[in-house]
Amino acid sequence: MKKAIFLFLTAGLFGSLFSVARPYQDHTPPAKTPKEVLDAYVEAIGGAERIRQIKTLVLVMEAEVQGMTVEMSTVRDVVNLRLMQQVVMNGNVVQKTVVKNNEGYMSAMGQVQSLRPEELETLKTNIYAFPELHYEEMGFSMKMGENTRIDGEEAYTLHVTNGEGLESEEFFSVKTGLKLKMMTEVAGDVAFSDYQEVEGILFPMKVAISNAVLPVPLETRLIDIQINQKLDDSLFE
């Protein structure tokens with residue numbers, strides 16, 4: 001279970017899900033490029049200018065796992081290129097991941113392990129508040145797939161490959177532009193729902209994840225958002 005939570009965090013994911021994606025062939029959709037889909041998403045959540053004003057971001061999510069409350073925190077320091085993620089169960093930190101100075105480690109159960117290069121590169125991507133804004137400049141390769149339906153809503157399919165060759169499928173609403181779901185080999189299926197505005201930016205308040213490791217889908221809710229707050233250096237130790 002702890003491994004599953006780690007996979008969720010290291011993928012840098014944030015959302016809610018659980019419908020199987022299938023080809024959508026009711027009609028021929030208008031042609032879209034990956035850039036157009038991502039631009040529509042960025043505009044839908046608040047616009048590039050407002051997103052680029054985010055210098056620090058703290059997100060705290062909560063879930064129930066086998067009767068226990070699990071709190072998952074992500075702290076992003078965009079200016080100093082630092083990232084911290086931790087999992088707290090019953091008030092105890094059971095896992096912590098830190099990226100800073102182009103290095104990273106993960107500690108769990110009293111053991112500390114340096115991140116492998118591919119893990120480090122993936123996590124460095126997620127230092128950004130919304131990595132989708134930076135896909136092109138980070139050299140990600142992208143191509144469009146067939147439209148599909150996610151929980152009854154028509155969605156564009158975007159195939160993304162990062163610099164380490166890790167692939168994902170990302171699904172964006174044709175109607176609203178919002179990201180509905182993403183599928184990765186590392187984290188499984190993740191979907192994004194209940195978008196709400198915080199300081200002019202839309203955040204999904206509910207996240208769900210399903211993969212082969214989890215016995216049941218993990219459903220989380222966002223309980224705290226802090227934008228551009230001063231961060232204590234001790235968070236990244």
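A quick note: this is a predicted structure, and the numbers were derived from the prediction, not measured. The basis for the numbers below is simple: all heavy atoms, side chains too, and nothing from hydrogens, waters or symmetry mates.
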Have [X] and [Y] got a donor and an acceptor in their side chains that come within less than 3.5 Å?
{"X": "Tyr135", "Y": "Glu170", "answer": "yes"}
{"X": "Asn147", "Y": "Glu154", "answer": "yes"}
{"X": "Thr157", "Y": "Glu169", "answer": "no"}
{"X": "Gln85", "Y": "Thr97", "answer": "no"}

Output the distance between atom [atom1] ([X]) and atom [atom2] ([Y]), rounded to the nearest 0.5 Å.
{"X": "Met61", "Y": "Glu219", "atom1": "CE", "atom2": "CD", "result": "11.0 Å"}
{"X": "Ser141", "Y": "Glu136", "atom1": "OG", "atom2": "CD", "result": "11.5 Å"}
{"X": "Leu38", "Y": "Lys179", "atom1": "CG", "atom2": "NZ", "result": "8.0 Å"}
{"X": "Glu237", "Y": "Lys96", "atom1": "CD", "atom2": "NZ", "result": "7.5 Å"}
{"X": "Glu71", "Y": "Asp224", "atom1": "CD", "atom2": "CG", "result": "8.5 Å"}
{"X": "Ile51", "Y": "Glu43", "atom1": "CD1", "atom2": "CD", "result": "9.0 Å"}

Within-4.5 Å side-chain heavy-atom neighbours: [X] and [Y]:
{"X": "Gln86", "Y": "Val94", "answer": "no"}
{"X": "Leu59", "Y": "Arg76", "answer": "yes"}
{"X": "Tyr105", "Y": "Glu103", "answer": "no"}
{"X": "Glu62", "Y": "Thr220", "answer": "no"}
{"X": "Asp77", "Y": "Leu83", "answer": "no"}
{"X": "Val79", "Y": "Thr56", "answer": "no"}
{"X": "Val58", "Y": "Gln229", "answer": "no"}
{"X": "Met142", "Y": "His159", "answer": "no"}

Kindly work out whether a path of hydrophobic side-chain contacts (I/L/V/M/F/W/Y, heavy atoms less than 4.5 Å apart) joins [X] to [Y].
{"X": "Tyr128", "Y": "Ile225", "value": "yes"}
{"X": "Val88", "Y": "Met106", "value": "no"}
{"X": "Met72", "Y": "Leu231", "value": "no"}
{"X": "Val98", "Y": "Val78", "value": "no"}
{"X": "Val37", "Y": "Phe140", "value": "yes"}

Determine the minimum heavy-atom distance between [X] and [Y], stating which atoms define it.
{"X": "Thr122", "Y": "Asn126", "result": "O-ND2, 2.8 Å"}
{"X": "Ala44", "Y": "Thr176", "result": "CB-O, 3.3 Å"}
{"X": "Phe171", "Y": "Ala155", "result": "CB-CB, 4.2 Å"}
{"X": "Ser168", "Y": "Thr184", "result": "CB-CG2, 3.5 Å"}
{"X": "Val60", "Y": "Leu222", "result": "O-CD1, 3.3 Å"}
{"X": "Met84", "Y": "Leu235", "result": "CG-O, 3.2 Å"}

For side-chain contact (heavy atoms from CB on, under 4.5 Å), just list the numbers for Asn80 and Lys100, CA-CA rounded to whole Å, side-chain angles, deciding distance to a tenth of an Å, and then say yes or no. CA-CA 8 Å; Asn80 297 299; Lys100 66 175 183 178; over 6 Å; no
Taking [Y]'s backbone N and O only, do any of them form a donor-acceptor pair with [X]'s side chain (distance below 3.5 Å, no angle check)?
{"X": "Glu119", "Y": "Arg116", "value": "yes"}
{"X": "Arg149", "Y": "Gly152", "value": "yes"}
{"X": "Asn162", "Y": "Glu164", "value": "yes"}
{"X": "Glu36", "Y": "Thr33", "value": "yes"}
{"X": "Asn228", "Y": "Gln53", "value": "yes"}
{"X": "Lys35", "Y": "Lys32", "value": "no"}

The test is ring-ring contact (aromatic ring centres under 6.0 Å, His included); show your working for Tyr41 and Phe172 and say whether it passes. CA-CA 7 Å; Tyr41 166 68; Phe172 299 83; 5.4 Å; yes
Residues Asp233, Arg82; criterion salt bridge (charged side-chain N to carboxylate O under 4.0 Å, His left out); working and verdict: CA-CA 10 Å; Asp233 289 341; Arg82 300 185 297 181; 3.1 Å; yes
Is it the case that more than 12 heavy atoms not belonging to Glu49 sit under 6.0 Å from its CD atom?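 At most 12 heavy atoms, drawn from other residues, nucleotides or ligands, come within 6.0 Å of this atom.
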Please lay out, stage by stage, how Leu180 and Asp151 fare under the test side-chain contact (heavy atoms from CB on, under 4.5 Å). CA-CA 9 Å; Leu180 302 176; Asp151 290 336; over 6 Å; no
Given Gln196 and Leu202, is the side-chain contact (heavy atoms from CB on, under 4.5 Å) satisfied, shown in steps? CA-CA 5 Å; Gln196 296 181 28; Leu202 293 181; 5.7 Å; no
Please report the C-alpha distance between Ser173 and Glu153 in whole Å, then the side-chain angles of each, then the deciding distance to 0.1 Å, and finally whether the side chain to side chain donor-acceptor pair (under 3.5 Å) criterion is met. CA-CA 7 Å; Ser173 169; Glu153 186 169 355; 2.4 Å; yes
Worked verdict on Ile201 versus Ile54 for side-chain contact (heavy atoms from CB on, under 4.5 Å): CA-CA 10 Å; Ile201 299 174; Ile54 299 177; 3.4 Å; yes
